[in-house]
2 protein chains.
Amino acid sequence: MKTISLQEISTALKVSKSTISYVLNGRGDEKRISINTQQMIEEYAKAHNYKPNPLARSLIVGKSNMIGFVLPNIADFFFARITRSIEKKAMQSGYEVVFSSTGEDKEREEKSIQSMLDRNVDGLIIASSQKNEKDILRLTQNKFPMVLIDRKYPDISTNFVGLNNIGGITMLVEHLINMGRKKIGFVSLNMDLLTLNERLNSYEETMKRNGCEVKKGFIQQLEYNHTDNDMERIIKIMLSKSIGVEGLIFSTQFLAADGIRALNKMNIKVPTDMAVVSYGHKNDFDLFKVPLTAIDFPVEEIGEKAVDILLENMKDINMKKEEFYFNTELIVRESCGSH
Amino acid sequence: MKTISLQEISTALKVSKSTISYVLNGRGDEKRISINTQQMIEEYAKAHNYKPNPLARSLIVGKSNMIGFVLPNIADFFFARITRSIEKKAMQSGYEVVFSSTGEDKEREEKSIQSMLDRNVDGLIIASSQKNEKDILRLTQNKFPMVLIDRKYPDISTNFVGLNNIGGITMLVEHLINMGRKKIGFVSLNMDLLTLNERLNSYEETMKRNGCEVKKGFIQQLEYNHTDNDMERIIKIMLSKSIGVEGLIFSTQFLAADGIRALNKMNIKVPTDMAVVSYGHKNDFDLFKVPLTAIDFPVEEIGEKAVDILLENMKDINMKKEEFYFNTELIVRESCGSH
DNA sequence: TTGAAAGCGCTACCAA
DNA sequence: TTGGTAGCGCTTTCAA
């Protein structure tokens, strides 16, 4: 299990540790170590499969070759895909990734960040709970290399990679209107996330701009941990005579799937009785009873871009903050009627 | 960014580092440090939010409070869910998790394992590529705490948590037979994984046991990175007159979704023209055009059980190897006809 | 009841 | 061109 240490190869080769360290760190020429010793050392190291102890090294140089990724939940497919792309991209530059799920909890997010800092990560990618202004501010002020993804703090200027929510929702609303629906409901989560708020605001604005009234009851917000019953309840409300919604926008792909499940159970015909669209895409939307029209967006790309910016930031502590928004794409299927 | 160090609190309090270390590690009474100094130290530490540097500590004690999880791909929903459950369970015992995706690649798996070992992880959970016998053997021989999940080496005795594949496939075959289908095809991946082989063998045995012939062409294996066309091609083959399959078992949930996609495209009616079942479940199978009958299994539980066994193993290096198989559950929907 | 000092494995400075 | 040595922040042995 143990790997050979600098000390051991030093005594074996009768060469000082420092010399070996220089050579193995590619500073042999710079330090003008003779070509012979260099070769000897390198051969021995390779032959004995020497790997420097990253802990010892990290302790002294203050770096770790690790990037930390703090996210709400690794079991969320959206974040799992981002994680993979971060990992891939980071690996290409010789970095490893440590991650930690926070469950949208402030304390756990604080702990995760601190723990990664303690482990000397060289940079941080954070999909924050948006309840942890303190740490984000602290990191920013200390010029610690960091990029936020998906979740942003409006009052703090940071690197950020996210989605063009406004464009996406606009497409959705206008698609529904084009399909002849004017009374459009909006189902979201009651979490205070900027990304969700942007979607809601964009819905309201686009409705107004198109001369569609947003009646009381058109907007419904569910708990993050809602049940099937909760979903049925709010759909029932929106279908009631006084409200009479004819089209439904779900603000996340998970809500959309839950919504379809409820509609099926309540025997409400899509798209005849109710047109449905989803902000966010799932792999099997095309296989649904009524294939679902949805906004898709680049997921892997978010992670890749975040790593790009982070690496830049690691090179240049004082770099200008960069914000990047990916555009979304409307995938039209059959859930709003024939097209 | 920097946190206070032992040295700093030592000079501030005029107490030696060792004393402080003892107290802060809960060995104050054992070392018979006076209650006064103990209190003083603890208060000061709390007030200044002292956190021992995990790197320095790890370097000396050879432990890290981290569990390593090596897996094929974090973007695979199955593994993402397991990762989350491992993380949750580990956290309850004060451990953090580092993970690494290997992409089913032997070299990358070796590297990941070595890197985790170098970082002094206290134990390893591995969903191996099954191409890395060498490391698994080495770890076993060195009595390094480890548990394998999902992927197993038949020739090496290790801790293991997996699925009762045989039971699951048996249910699937017999369900199809009960629904009146005798000519049943089996679609799998051409990867040499024990878990996949078990499913294939179980299919053949159950067919035989029930007096159903497994004709040439009944068994089809696709590349891991197959295209939609590949899937259509093999379905076409199985549907050809000479073979004439009436029911299809897909050996993973991903294959099943791809298969349904192909059947839809080819305009083959499920279940009339073709009954379909999936070994493995996806969240939205119930929302499909024809809700899909599938084998479901506990996913989170695999991770939890793995952590349980690993913690045991970390406590007792010489513990008897434990193998655990979770039973699967048949969820009957409509893809094999009315029930 | 407490402290001094060694040492984990490495890097980096200063000497030689 | 190379080596000695200090020190990263901590734990642990031995001495006081």
Side-chain angles (χ1 to χ4, degrees), chain A residues 1-42 44-45 48-65 114-115 117-120 122, chain B residues 1-42 44-45 48-66 114-115 117-122:
Chain A
M1 229 55 317
K2 288 233 58 76
T3 98
I4 191 174
S5 80
L6 253 200
Q7 185 55 259
E8 294 174 79
I9 121 164
S10 162
T11 51
L13 256 36
K14 299 194 201 317
V15 178
S16 83
K17 290 195 293 174
S18 29
T19 306
I20 304 172
S21 173
Y22 289 136
V23 173
L24 263 20
N25 284 321
R27 298 176 58 191
D29 289 340
E30 172 197 335
K31 289 284 166 181
R32 293 194 281 178
I33 312 286
S34 75
I35 192 80
N36 290 324
T37 11
Q38 290 211 35
Q39 274 187 356
M40 176 177 74
I41 290 171
E42 259 158 11
Y44 193 91
H48 292 71
N49 191 27
Y50 170 75
K51 294 264 182 305
N53 182 321
L55 264 42
R57 164 179 265 166
S58 181
L59 192 56
I60 210 164
V61 298
K63 295 184 192 287
S64 63
N65 268 295
Q114 190 52 54
S115 159
L117 257 21
D118 289 343
R119 295 211 141 82
N120 276 353
D122 300 339
Chain B
M1 227 60 312
K2 289 234 58 78
T3 99
I4 191 175
S5 79
L6 253 200
Q7 184 56 257
E8 295 174 79
I9 121 164
S10 162
T11 51
L13 255 39
K14 300 193 200 315
V15 178
S16 83
K17 291 196 292 175
S18 31
T19 307
I20 302 171
S21 175
Y22 288 137
V23 173
L24 262 20
N25 285 320
R27 298 175 57 191
D29 288 341
E30 172 197 335
K31 289 285 166 178
R32 293 192 282 177
I33 312 286
S34 76
I35 193 79
N36 291 324
T37 11
Q38 292 212 34
Q39 274 186 356
M40 177 177 71
I41 290 171
E42 260 157 10
Y44 192 90
H48 292 71
N49 191 28
Y50 170 75
K51 295 261 183 305
N53 182 320
L55 263 41
R57 164 178 265 166
S58 182
L59 192 57
I60 209 164
V61 299
K63 294 182 195 283
S64 63
N65 268 296
M66 297 198 305
Q114 190 53 53
S115 159
L117 256 22
D118 289 345
R119 294 213 142 83
N120 276 354
V121 293
D122 299 340

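Throughout, a chain's letter reflects where its sequence line sits, starting with A, and its residues are numbered from 1.
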Asks: Could you tell me which residues satisfy salt bridge (charged side-chain N to carboxylate O under 4.0 Å, His left out) with R119(A), sequence neighbours excluded, listed by chain and number?
Replies: E96(B)

Asks: In Å, rounded to the nearest 0.5 Å, how long is the span from CE of M40(A) to CD of E42(A)?
Replies: 11.0 Å

Asks: So which atom in D122(A) and which in N120(A) form the shortest heavy-atom distance, rounded to 0.1 Å?
Replies: OD1-O, 3.2 Å

Asks: Test of understanding: with side-chain hydrogen bond (donor to acceptor under 3.5 Å, both in side chains), list the residues that count as partners of E8(A), not counting sequence neighbours.
Replies: S5(A)

Asks: Quick one: D29(A) CG to dT2(D) P, roughly how many Å, whole number?
Replies: 12 Å

Asks: Rounded to whole Å, please give me the gap between CD1 in I20(B) and C1' in dT11(D).
Replies: 13 Å

Asks: Once you round to the nearest 0.5 Å, how far does CD1 of I20(A) lie from CD1 of I41(A)?
Replies: 5.5 Å

Asks: To 10°, what angle do the rotation axes through the five end pairs on each side of the helix from dT1(C)-dA16(D) to dA16(C)-dT1(D) form?
Replies: 50°

Asks: Can you name the residues that form a side chain to side chain contact (heavy atoms under 4.5 Å, CB included) with D118(B), not counting sequence neighbours?
Replies: T3(A), K51(A), P54(A), Q114(B)

Asks: To the nearest 0.5 Å, how far apart are CD1 in I60(B) and CG in L55(B)?
Replies: 13.0 Å

Asks: Taking only residues two or more places apart in sequence or in another chain, which ones pass side chain to side chain contact (heavy atoms under 4.5 Å, CB included) with T11(A)?
Replies: Q7(A)

Asks: When every nucleotide of nucleotides 8-14 of chain C is labelled 5' to 3' by its protein contacts under 4.0 Å (heavy atoms), B for base, S for sugar-phosphate only, - for none, what sequence of letters results?
Replies: BBBBBB-

Asks: Starting at CZ of R32(B) and ending at P of dA16(D), how long is that distance when rounded to a whole Å?
Replies: 18 Å

Asks: In whole angstrom, what separates K14(B)'s NZ from dA4(C)'s C1'?
Replies: 17 Å

Asks: I need the CZ-C1' distance between R119(A) and dC8(D), as an integer number of Å.
Replies: 17 Å

Asks: For the pair made of CD1 in I35(A) and P in dT2(D), what is the distance, rounded to whole Å?
Replies: 11 Å

Asks: State whether S58(B) places a side-chain N or O below 4.0 Å from either non-bridging phosphate oxygen (OP1 or OP2) of dC10(D).
Replies: no

